[in-house]
Structures are given as C-alpha cells and as structure tokens.
Amino acid sequence: MIRKKEFKILLDKLLQKELEELRKRFRPYKRKPFLRNKVTIDLDLKCKEKNTLGYYKNTRENKRQWKYEHKIFLTKLSRKRYETYCNVINDKKWGVEYLREIIRHELIHAFVYEEFDEWEMIEGCNRDYSPIFLACLHWSGLDSPYPYTNKFKESDLYKNIEKCKNYDMVYMYLVHYIGDLERSVRKINEKLNTDSNNYKKLNISFNHYEAGMIKKSYVSCITRSKKDNNIYIQKASEMTLGIGFLVTQKDIIDNFERKFNNGSMAISHSEMAWYVIGNELKQKIIIRESS
Ligand SMILES: [Zn+2]
C-alpha cells in the first residue's frame, strides 16, 4: 500500500499541475492565478462517508473575510482506486488521471466559491447540484459523476455556455443568471408584502443533491395580542426553497405560493403561536416542528 506521506507528495504535485492547467483554461491571457487564496490538499483517512472520493471546505468564517484557505481532502477510497489502477490494471498513468479528475472537481468547488459565493447573492453556488457549479465544471472539461446531472445538458444555461468562446463570457452569463434569479425573488417578496399583518419572506439557495425544488426551511409565527379590549392577529413566515440546476425562474414564480401554503413539512420546520397581553408574552406554543 502506498504510504500516506508518499501519497501526499503525489497529491501536492498533481494539485500544482491541475492549478496550472485550470489557469490556462479559465484565464489564458491573464497573469491572475486560478485561485486567489491558498489551497492545500491532504489525505483524510477518517472520512466516514463510504462512497466519497474527495471533498472540499474552506476556512472563511464571515462575510468580511477575504483571505482564507481552501482545503481539499481525498479519501481512503480514492487511494484504493488509485492503487487498483497501478497494481491490478498495471497502468499508473490511468491512476494519476483518475486522481487529477477528483482534484479538478474539488478545485472547481473552490473556484466557484471565490467567483460567486463570496458576494452572497444566492447561497450555495458551489454546491454539487447548483447550475453555477455544473457550468464551471463543464468548462473545466469535466462532467459531474452524480445521478441525473447529465440532464444539465438539456438546460438553456448549458446551451448558452456551449456557445461561449472564453471564460469571461461564461462568467457574464452566470452573473446574469444569478442576477435574474435574485431579481425574481425580490419581486416576489415585494408582491407578497402588501399586508402588514401577514408578513412573508421567500429565500432561495442552491441544492447539494437535488436537481429539482425542495422545501428546505419554513418558520412561521402567529401572534395573537390583546390590547385595550381589541384582539390583533399577526402572522409572519419565512421559507427557503432549495433549487437544483433544473429549476427555472418560472418554476419558482409558479410554485412558491403553493409551497408557502400547502402545509407540507419542510426539512427544517417550525410553526409557533404567541399570545401577548398588553406588552407581555403570556404563552408560547409550538404548533409543528421538524424533529
Ligand atoms: Zn463535489
């Protein structure tokens, strides 16, 4: 078996190669490196997810932090597969190519994070089922290994990306794509809030593993208050829809209302009622909550 130390040396070497390869693909005429922040790679022998080949994380903790570190980890499984290529098929070149593809996939997570997630328009641009991630992954010469992601090729976004001559054009498309989504959500929120006794807010974020739409979180609170012998009822609710690469603006516009009102449980769900007399909270009741 290849030792951890030895494997790490190989990974470091491949990481540098891959960074240069990607720089050429994404920024051919620029002196700018592929990533602005430092990136490290290591072998994680303790990873519990059995089918994971590699994963990405970074050390950014808040919005104002511009300097942070990207961290890429490959798992035991990827080392085992590499060894299979080397020993069983007896072809080291294939093994190295296999590792490079995993590293490239993880580097695209880091890249999309720097390019799009940093400005926090829509959460999760770099997640695996985000159209932004899939578009950049495709531009890097790879396709996603996950189920259904080949359907991305049927989307308008993909067709537009295919026509691009360079990454700057891809970037423009993606910026507009995010901007359009964000604008339609803002319009929905303006329309939703004409009644001050019934406040509603819709958020969206990109999905990790769903191509379609999911009800990610829902929080609502009904306040019944008694003041000067009058009873006032106010309701406030906020919902986050997770959207995958197959979801269009139209899908959001056509479905958000139903998702708000259909009473189905969100993944993270909380409905509460408050009773207030005068200015004092008398009782707080949980109506429904996700476990
Ligand atoms: Zn991934």
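Note that ligands are numbered from 1 as they come in the structure, with each ligand's atoms numbered from 1 the same way. Computed from a prediction, not measured in an experiment: that's the story for all the values here.
- At a threshold of 4.0 Å, the pair Glu97-Lys93 does not count as salt-bridged, since none of the basic side-chain nitrogens sits closer than that to a carboxylate oxygen.
- In Trp94, the CH2 atom is not crowded: 12 or fewer heavy atoms of neighbouring residues, nucleotides or ligands sit closer than 6.0 Å.
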- Query: Between Tyr113 and Tyr68, does a ring-ring contact (aromatic ring centres under 6.0 Å, His included) hold up when you go through it step by step?
  - Reply: CA-CA 11 Å; Tyr113 192 91; Tyr68 52 93; 5.7 Å; yes
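- Applying ring-ring contact (aromatic ring centres under 6.0 Å, His included) to Phe133 and the options His138, His208, His105 leaves one that passes, His105.
- Taking distances strictly below 2.8 Å, the protein N/O/S atoms close to the Zn ion (ligand 1) are His105 NE2, His109 NE2, Asp128 OD1, Asp128 OD2.
- Scanning for ring pair (Phe, Tyr, Trp, His ring centres under 6.0 Å) contacts around Phe260 gives an empty result, with sequence neighbours left out.
- Other residues, nucleotides and ligands place more than 12 heavy atoms under 6.0 Å from the CG atom of Asn62.
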